[in-house]
Amino acid sequence: VVSTQSTGVQHVLGIGFIIVKVALLLALEVAIFPTLSGWWIDICSLKLCDSTLADRINYLYTAPGTTTFLHWLVGMVFVFYFASFVLLLRQVMRPGVLWFLKNLNDPDFHPIQEMITYSVMKHVRRFAISCVVFGVSILLIVWAPLTFIGSILPGVIPYSVEMSTESILGEISLELLLLQVVLPQLLEQSNSKQWFKNSLRVWAIGVAKLLGIRSYLLGDVPNQGEESSAGKLVNIGVPGYSNNIEGLGMGAAQTGPNAELFVPFQPYYRPNRFKRRVATLVGVTCASMFLLFVFIFSVPVSLGRWILQLFMPSGQLHELYTFACGLYTLWAATRLSTLLYNWAVQGLTLFFQKMKEWSLIMIKCIYFALTVFGLIPVLFGLLYEMILLLPIRVPLHHTPVHLLWQDWGLGVLFVKILYAGTLTGPDWHFKRVLEQVFQAGVMQMDVWFVTTKLVLPVVVTQLHLLCIPYTLCSALPYLGFSDDFSHVCHRRIYPGTVVVLLGVLLLKLQLKQFKRLYIKIKNEKYLIGTRLVNFDAEQVRTAFTQTET
């Protein structure tokens with residue numbers, strides 16, 4: 001009995017140890033490691049905003065929770081994009097090149113099982129190696145480019161990230177507009193993943209040809225393709241990391257749980273001085289990443305500053321605006337040059353035909369942008385300002401000033417929210433119209449359908465909500481009311497109109513619900529199957545005839 005009890009106690013203690021071990025490792029990988037990565041990114045990017053480490057420590061003492069959360073969020077975003085980059089590399093490179101990195105798409109990948117199976121020391125080694133790899137990567141893509149730009153191009157950094165207008169609401173609305181509307185549309189419409197994958201493949205082909213290791217790096221040529229150099233064919237897989245390298249442990253790239261198994265492998269041709277070539281490949285990769293981030297930190301911002309200074313020469317804008325403007329300009333130039341090159345290669349006849357087709361498409365895009373993303377958002381923003389913002393922010397004895405630029409920014413956000421809410425809501429005619437419009441796309445857009453079914457109903461409704469209350473208040477002085485009363489009505493009629501409309505809609509909804517409840521009660525009482533009982537149709541018909549008479 002004592003032996004059985006001791007065995008049970010050991011079993012319970014073992015389960016408790018496993019639970020504590022898994023919880024601590026999860027905290028280490030999900031909480032501590034991203035937070036450390038975020039702090040390291042912040043420290044390496046102090047030059048970007050002309051800050052010091054003392055400022056960051058002061059922020060930490062002032063708001064420790066917010067500061068820690070923001071650094072954790074930055075670290076998680078970096079880990080996520082690092083993992084995405086590894087997955088993209090695996091699609092381009094030869095199977096077996098990244099043998100020491102775990103494939104996250106592998107169905108045999110079970111992180112919880114790894115936490116239970118592997119020893120604590122192995123997890124500690126993996127955590128240390130991950131910290132080293134991520135730390136060096138951050139130095140390479142953040143600190144080194146910013147240091148280089150600060151020395152060679154001192155006018156580019158630091159970035160201006162202070163509020164550039166007196167109206168905080170307008171500033172925040174434009175930032176939300178860029179983050180929630182502009183940049184997502186840029187990434188969706190430009191097919192950025194495929195474009196980046198093609199660019200990465202072009203770079204890999206160029207480097208592989210330069211170093212003579214295309215068979216090793218890409219594996220897209222026959223093994224005899226490099227017979228001009230003395231070497232040998234390698235067709236033996238590389239064992240798991242436990243016999244070689246400990247791999248990366250932090251979510252982005254993890255080594256496999258089956259350490260004795262071979263990673264998927266494709267034979268390749270190994271030329272002479274192979275180790276030197278691979279070392280050169282690592283150096284070229286580091287130099288390429290360095291130059292790429294020098295370009296990212298300098299060119300879009302500089303181009304955006306130059307473009308926006310043409311329109312606002314006396315203002316200092318948030319660098320988020322300049323970066324977005326420069327990024328959009330580069331994207332548009334790249335897309336246009338690619339299209340023109342593809343058309344020119346196919347001949348002049350097809351070139352002019354494509355120009356004609358795309359000119360029509362551009363006219364449709366301009367019309368769609370001016371109506372759906374121009375007029376409708378402005379009216380939405382103006383309605384929101386008249387209903388909510390002016391009664392709260394502007395006293396009655398002050399004259400309100402309408403800034404259409406801010407109204408448009410708020411309106412675009414409302415259009416996006418209403419679009420998402422309509423598509424996820426119940427089925428009705430406006431939802432079907434939106435689905436038909438956005439499924440057709442720009443290429444097959446029916447301008448007449450968009451105008452009659454989408455633009456005109458929305459614009460007419462908005463104009464009614466704006467003009468009818470204004471007309472009623474403007475007519476009050478002619479009816480004998482004072483100017484002060486008319487002014488108060490002007491400022492309060494829009495929220496009052498919304499309250500009345502909401503009340504009418506709520507009352508209509510309640511009447512509909514009561515009607516459904518009445519029909520349900522009547523059916524439950526009289527309807528059995530599909531036949532009414534205790535209901536004499538002849539008596540009802542006679543009574544109806546007498547009523548008509």
Side-chain angles (χ1 to χ4, degrees), residues 37-56 59 70-71 74-75 77-78 81-82 85 134-165 171 174-175 178-179 182-183 186-187 190 192 195-196 199-200 202-203 206-207 210 280 282-338:
S37 299
W39 272 106
W40 187 234
I41 292 173
D42 192 9
I43 292 171
C44 292
S45 61
L46 289 175
K47 295 181 179 180
L48 190 65
C49 302
D50 195 19
S51 300
T52 60
L53 188 59
D55 296 334
R56 296 294 183 260
Y59 293 154
L70 291 177
H71 286 88
V74 171
V77 170
F78 178 75
Y81 280 107
F82 192 91
F85 180 69
F134 277 81
V136 172
S137 301
I138 293 170
L139 281 175
L140 180 65
I141 65 178
V142 178
W143 180 81
L146 291 178
T147 304
F148 177 80
I149 293 172
S151 302
I152 305 301
L153 303 171
V156 176
I157 59 174
Y159 287 178
S160 174
V161 292
E162 300 294 334
M163 292 294 185
S164 60
T165 62
E171 189 79 17
L174 292 179
E175 292 177 5
L178 287 171
L179 291 176
V182 176
L183 293 181
L186 173 63
L187 296 177
S190 61
S192 57
W195 181 85
F196 187 69
S199 302
L200 186 61
V202 169
W203 174 87
V207 174
L210 180 65
T280 307
V282 173
V284 172
T285 303
C286 295
S288 301
M289 295 295 293
F290 169 77
L291 294 176
L292 173 63
F293 278 87
V294 167
F295 178 86
I296 292 174
F297 283 127
S298 60
V299 175
V301 171
S302 301
L303 182 60
R305 289 174 182 173
W306 179 75
I307 293 174
L308 292 179
Q309 282 179 358
L310 297 178
F311 301 96
M312 292 170 285
S314 60
Q316 184 178 5
L317 290 174
H318 198 289
E319 296 297 352
L320 179 63
Y321 308 147
T322 59
F323 181 81
C325 179
L327 193 63
Y328 250 116
T329 304
L330 292 174
W331 169 77
T334 304
R335 292 283 292 178
L336 182 61
S337 59
T338 305

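These numbers come from a predicted model, not from an experiment. Start at 1 with the first residue, then count along the sequence.
For Trp40, the side chain to side chain contact (heavy atoms under 4.5 Å, CB included) partners two or more places apart in sequence, or in a different chain, are Ile43, Cys44, Ile138, Leu139. Here Leu46 pairs with Asp42, Ser51, Leu53, Arg56 under the side chain to side chain contact (heavy atoms under 4.5 Å, CB included) rule; sequence neighbours left out. Thr52 meets the side chain to side chain donor-acceptor pair (under 3.5 Å) test with Asp55; sequence neighbours excluded. Every residue two or more places apart in sequence or in another chain was checked for a ring-ring contact (aromatic ring centres under 6.0 Å, His included) with Trp143, and none qualifies. Contacts of Ser199 classified as side chain to side chain contact (heavy atoms under 4.5 Å, CB included), with partners at least two apart in sequence or in another chain: Trp195.
Heavy atoms only, all atoms of each residue included: Thr329 and Cys325 are closest at OG1-O, 2.8 Å. Closest non-hydrogen pair, Gly75 versus Ser37, comes out as CA-CB, 4.2 Å. Between Leu146 and Ser45, the closest heavy-atom pair is CD1-CA, 3.7 Å.
In this pair, Phe78 and Phe134 present their aromatic rings perpendicular. The plane angle is above 60°, beyond the 30 to 60° band.
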I'd like a table of donor-acceptor pairs (distance under 3.5 Å, sequence neighbours excluded) in which one partner is a side-chain atom from residues 285-305, with atom names and distances.
unit_1: Thr285; atom_1: OG1; unit_2: Leu281; atom_2: O; d: 2.7
unit_1: Ser288; atom_1: OG; unit_2: Trp203; atom_2: NE1; d: 3.0
unit_1: Ser288; atom_1: OG; unit_2: Val284; atom_2: O; d: 2.8
unit_1: Ser298; atom_1: OG; unit_2: Val294; atom_2: O; d: 2.5
unit_1: Ser302; atom_1: OG; unit_2: Ser298; atom_2: O; d: 2.7
unit_1: Arg305; atom_1: NE; unit_2: Glu319; atom_2: OE1; d: 3.3
unit_1: Arg305; atom_1: NE; unit_2: Glu319; atom_2: OE2; d: 3.2
unit_1: Arg305; atom_1: NH1; unit_2: Gly155; atom_2: O; d: 3.2
unit_1: Arg305; atom_1: NH1; unit_2: Val156; atom_2: O; d: 3.2
unit_1: Arg305; atom_1: NH2; unit_2: Val156; atom_2: O; d: 2.9
unit_1: Arg305; atom_1: NH2; unit_2: Glu319; atom_2: OE2; d: 2.8

